[in-house]
Amino acid sequence: MTLPDGSERRFAAPLTGAELAAAIGPGLAKAAVAIKLDGRPRDLATVIDRDAATAVVTLNQPEGLEILRHDAAHVMAEAVKELYPETQVTFGPATETGFYYDFARATPFTPEDLERIEGRMREIVGRDEPIAREEWERDKAAAFFESIGETYKAEWIKEIPADEAISLYRQGDFVDLCAGPHLPSTGRLGQAFKLMSVAGAYWRGDAKNAQLQRIHGTAWATQKELDQYLFRLEEAERRDHRKIGPQLDLFHLGEEAVGSIFWHPKGWTLFRTVEAYMRARLDRAGYQEVKGPQLLDRSLWEATGHWDNFRDNMFIAQSRDDRVLAVKPMNCPGHVLIFGNRLRSYRELPMRLAEFGSCHRNEPSGALHGIMRVRGFTQDDAHIFCTEQQITEESIAFCRLLLGIYKDFGFADVGIKFATRPEQSIGSDAIWAHAEQSLQNAVKAAGLDYTLAPGEGAFYGPKLEFHLRDALGRDWQCGTLQLDFNMPERLGATYVGEDGGRHVPVMLHRAILGSMERFIGILIEHYAGRFPLWLAPVQAVVATITEEAGPYAAEVAEVCAGAGLRAVVDSGNDTINYKVREHSLARIPLMLVVGKREVESRTVALRRLGGNAQQALALAEAIDTLKIEAAVPSANS
RNA sequence: GCCCCGAUAGCUCAGCGGUAGAGCACCCGCUUCGUAAGCGGUAGGUCGUCUGUUCAAAUCAGACUCGGGGCACCA
């Protein structure tokens, strides 16, 4: 046997995984939950009868935890079958944080049922039932599941490739079709699990199939990890933009405009700050801002292919003379029309047309989520028209711009996915090869790591997806860069090349923030509403201690405004304690407190959010400092 | 769109068949205060909407609307 550290062990006779672990050490034998044979996870009971690369899997490894979670799904299924024998079990895998199992049952599970099931699961763990693997002959297995009324399982067996063994796992009276591996017994699951919710899910993920009931749970190796996970969920809830947004008076959502946002003055200030920053960055990067029409004629959408494929997601309107128009769901057709409005020269390329494009998509009601997924939103969209030779250079420049912008917003951890040609696509092999190569060169030349997402590109071209990681470790896909060899041609956009002939330009679709609304939602959650100074809608509150400081407070606010700081006065009849509390809860970054002393000495007492110290500063000095601190980052550009 | 859960004052929530409650916020007084809630008072709700059951419905049932958790969707 070869062990992970490269050492070798010789055994005279075949032995089980458990025996192997015991031979290495008693501590390992106790911690072992599975083994790996030539890289493949196997049960501890597996008999090793040949030379192999082996490794003992414990709960400290991701594979071990995955096995534990998969086991939790089985234990839950066993509990459900004991409590509700008429239920069919269908499919139950491990997930990132736990597990789920999809059940087919006429009556819905209630929250009380979940409590019962969880209780029974704890009993099953207490029973410590041995878990045993059995290999069955295919037809027998199918007949067996039919006979016990598990028709979904019987159907599933038919899908398993012919060269794969049909394995069943037995624990107590419960038998499940499963590839494994599993823990040696139910007791090893431990008690660090919790059922979270019940939800609908379609059989095999297809909305045309029957809807099953999915029970979600979370499971961890230790109680401590479970507690930490639950705490993270609470933290996410505390940061929820749907709660913080209205609380900080940034926006509200209402029945009168489902899927659209009512931006309040403070929220809109934030929006405009983000927009102004982006506009400045794009201007410097050689983009030209445009504004396309909101409503476009049906014939255009027919030409782009939207009318046939995506009409359900578009808002359709009608003019007085019965022309049918659609509210634009995206900006690219408008940009192609601007490009193609006259014949272009190669000298004009690359042409980068940018737009804070207001788009509407008639999303299914179930897809809506706060300001993150809405029906009316604004893209920081741009389309770069260029030659094939310019693709790499433009892509590199885009990656640099994007990373610099993310950094300014406080996101340093960015993941990149490279999505290649999907099964259904248009364009020749040569063009695809060239397009993929160009994009790949660009990421490499920019010195960036990426993971491959084979077959996940757009039908018209490969794409890069940029995911940023927030303060809670969650990933958000925001930026994208897509190559398109198709739409300019469809809409008849051409340029005259050096050779005097007409050519179709390549189009790069690109966005950095994605949707302004969604990005602001991400910012709210990332910062838990405590925005960096340059983004804070209200940067400073000038608060009086007594009424007589009112005129001076107004003067301080005036000076702030003159310095470009967003400041408001609070000269209300409240104690300073009350004001400090209120403005702290409102996450105002700076408080400039003025009382008798400050009026007389023309100073301010500066208090920063999160601190409890005050700093007495001369007014002019304070403003100079804060002005620098509040500067919009323009970093490395 | 589909499944489950929810909706009581601006906010957070109690009440769960028998005449709508609390705290905070708003408004009005008093207080003029030195860094996370000073004191008092007024006002505020056809209990999401509609239909039904009942002598009686915020409370029970159904439908609808909106919201939440998922699934599907995300050009």
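Lettering of chains follows the sequences in order, A, B, ..., and the numbering in each one begins at 1.
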*Have a look at A/E598 and say if it touches a base, only the backbone sugar-phosphate, or nothing, with a 4.0 Å heavy-atom cut-off.*
base
Check your understanding: Are the charged groups of A/R242 and A/D240 less than 4.0 angstrom apart, N to O?
Key -> yes
Between A/L592 and A/C560 the two heavy atoms that sit nearest each other are CD1-SG, 3.8 Å
Requested in this report: Report which part of the nucleic acid A/A543 touches: base, sugar-phosphate, or nothing (heavy-atom distance under 4.0 Å, all strands).
Outcome: nothing
Check your understanding: Base, sugar-phosphate alone, or nothing: which one does A/K579 contact when heavy atoms must sit under 4.0 Å apart?
Key -> nothing
task = Select base, sugar-phosphate, or nothing to describe what A/S584 touches, counting heavy atoms under 4.0 Å on all strands.
result = base
A/I371 CD1 to B/rC74 C1', in whole Å, measures 17 Å
| task | For B/rC26 and B/rU12, measure between their C1' atoms and round to the nearest Å. | result | 16 Å
Practice task
With P as the reference atom in both, quote the distance from B/rA56 to B/rG10 in angstrom, rounded to an integer.
Solution key: 30 Å
Pairing partner of B/rC71, by Watson-Crick or G-U wobble and under 3.5 Å for both distances, is B/rG1
Exercise for review: Rounded to whole angstrom, note down the C1' distance from B/rC5 over to B/rG17.
Suggested key: 24 Å
Quiz item: Are A/F109 and A/T87 side-chain neighbours, meaning at least one heavy-atom pair lies under 4.5 Å?
Solution: yes
Rounded to whole Å, CZ of A/R373 lies from C1' of B/rC73 at a distance of 6 Å
Closest to the 5' end of RNA chain B, once A/D574 and A/N362 are matched to their nearest nucleotides, is A/D574
Side-chain contact check for A/K596: nearest option of B/rU35, B/rG34, B/rA36 is B/rG34
Walking RNA chain B from its 5' end, the first of A/G595 and A/G205 to be reached, judged by nearest nucleotide, is A/G595
Exercise for the section: Sticking with atom C1', work out how far B/rG38 lies from B/rC24, rounded to a whole angstrom. Expected result: 16 Å
**Request:** Measure the shortest side-chain to side-chain distance between A/T378 and A/E517 over non-hydrogen atoms and say whether it is less than 4.5 angstrom.
**Result:** yes
Here the distance between atom P of B/rA75 and atom CH2 of A/W301, to the nearest Å, is 15 Å
_Distance, C1' atom - from B/rG45 to B/rG52, rounded to whole angstrom_ = 24 Å
Exercise. Which part of the nucleic acid, if any, lies within contact of A/D206, taking any heavy atom under 4.0 Å across all strands shown: a base, the sugar-phosphate backbone alone, or nothing?
Worked result: nothing
When rounded to whole Å, the CG to C1' distance for the pair A/L368 and B/rG69 reads 15 Å
| Heavy atoms under 4.0 Å, any strand shown: does A/P246 hit a base, just sugar-phosphate, or nothing? | nothing
Any strand, both distances under 3.5 Å, Watson-Crick or G-U wobble: B/rU35 pairs with none
Exercise. Decide yes or no for A/I522 and A/H241: does some side-chain heavy atom of the first lie under 4.5 Å from some side-chain heavy atom of the second?
Key: no
Atom CZ of A/R587 and atom C1' of B/rA36 are separated, to the nearest Å, by 14 Å
Q.
Between A/F251 and A/F271, is the ring centroid distance below 6.0 Å?
A. no
In whole angstroms, the gap separating P of B/rG68 from CG of A/L233 amounts to 17 Å
- Query: So what does A/L253 hit on the nucleic acid, given a heavy-atom distance under 4.0 Å: a base, only sugar-phosphate, or nothing?
  - Reply: nothing
query: For A/R242 and B/rG68, is the shortest distance between a side-chain N/O and OP1 or OP2 below 4.0 Å?
result: yes
Side-chain N or O of A/H369 versus OP1/OP2 of B/rG69: is the shortest distance under 4.0 Å?
yes
Exercise for review: In whole angstrom, give me the gap between the P atoms of B/rG67 and B/rU8.
Suggested key: 14 Å
Any strand, both distances under 3.5 Å, Watson-Crick or G-U wobble: B/rU12 pairs with B/rA22
Any base atoms under 4.0 Å from A/R214, or only sugar-phosphate, or nothing? Heavy atoms, all strands. sugar-phosphate
Under a 4.0 Å heavy-atom criterion, the protein footprint on nucleotides 1-16 of chain B, written with B, S and -, is BBBS------------
Quiz item: Should the pair A/E235-A/R238 be classified as a salt bridge under the 4.0 Å nitrogen-to-oxygen rule?
Solution: yes
Take atom P in B/rC47 and the same atom in B/rG21, then report the distance between them in whole Å. 14 Å
Quiz item: Side-chain donor-acceptor pair under 3.5 Å between A/D484 and A/H509, yes or no?
Solution: yes
message = B/rA25, OP1 or OP2 - any side-chain N/O from A/Y578 closer than 4.0 Å?
response = yes
Residues passing the side-chain hydrogen bond (donor to acceptor under 3.5 Å, both in side chains) test with A/S601, sequence neighbours excluded, are A/T603
**Prompt:** With a 4.0 Å cut-off, would you call A/E86 and A/R105 a salt bridge?
**Reply:** yes
#### Entry: Separation of the P atoms in B/rC4 and B/rC64, to the nearest angstrom
12 Å
Within the 4.0 Å heavy-atom criterion, would you say A/N577 contacts the bases, only the backbone, or no part of the nucleic acid? sugar-phosphate
Of the listed B/rA36, B/rU65, B/rG34, the closest approach to the A/E255 side chain comes from B/rU65
Any strand, both distances under 3.5 Å, Watson-Crick or G-U wobble: B/rC64 pairs with B/rG48
note: A/I588, atom CD1; B/rU35, atom P; distance rounded to Å ~ 20 Å
Original post:
Phosphate oxygens OP1/OP2 of B/rG38: is one of them under 4.0 Å from a side-chain N or O of A/T575?
Top reply: yes
Scanning all shown strands, the Watson-Crick or wobble mate of B/rC27 with both distances under 3.5 Å is B/rG41
Practice problem: Could you tell me whether A/G305 contacts a base, only the sugar-phosphate backbone, or nothing, with contacts defined as non-hydrogen atoms closer than 4.0 Å? | Solution: nothing
Between CG of A/D240 and P of B/rG68 the distance, given in whole Å, is 9 Å
Exercise. Does a side-chain heavy-atom distance below 4.5 Å link A/S260 with A/V374?
Worked result: no
For A/I576, which contact category applies under a 4.0 Å heavy-atom criterion: base, sugar-phosphate, or nothing? sugar-phosphate
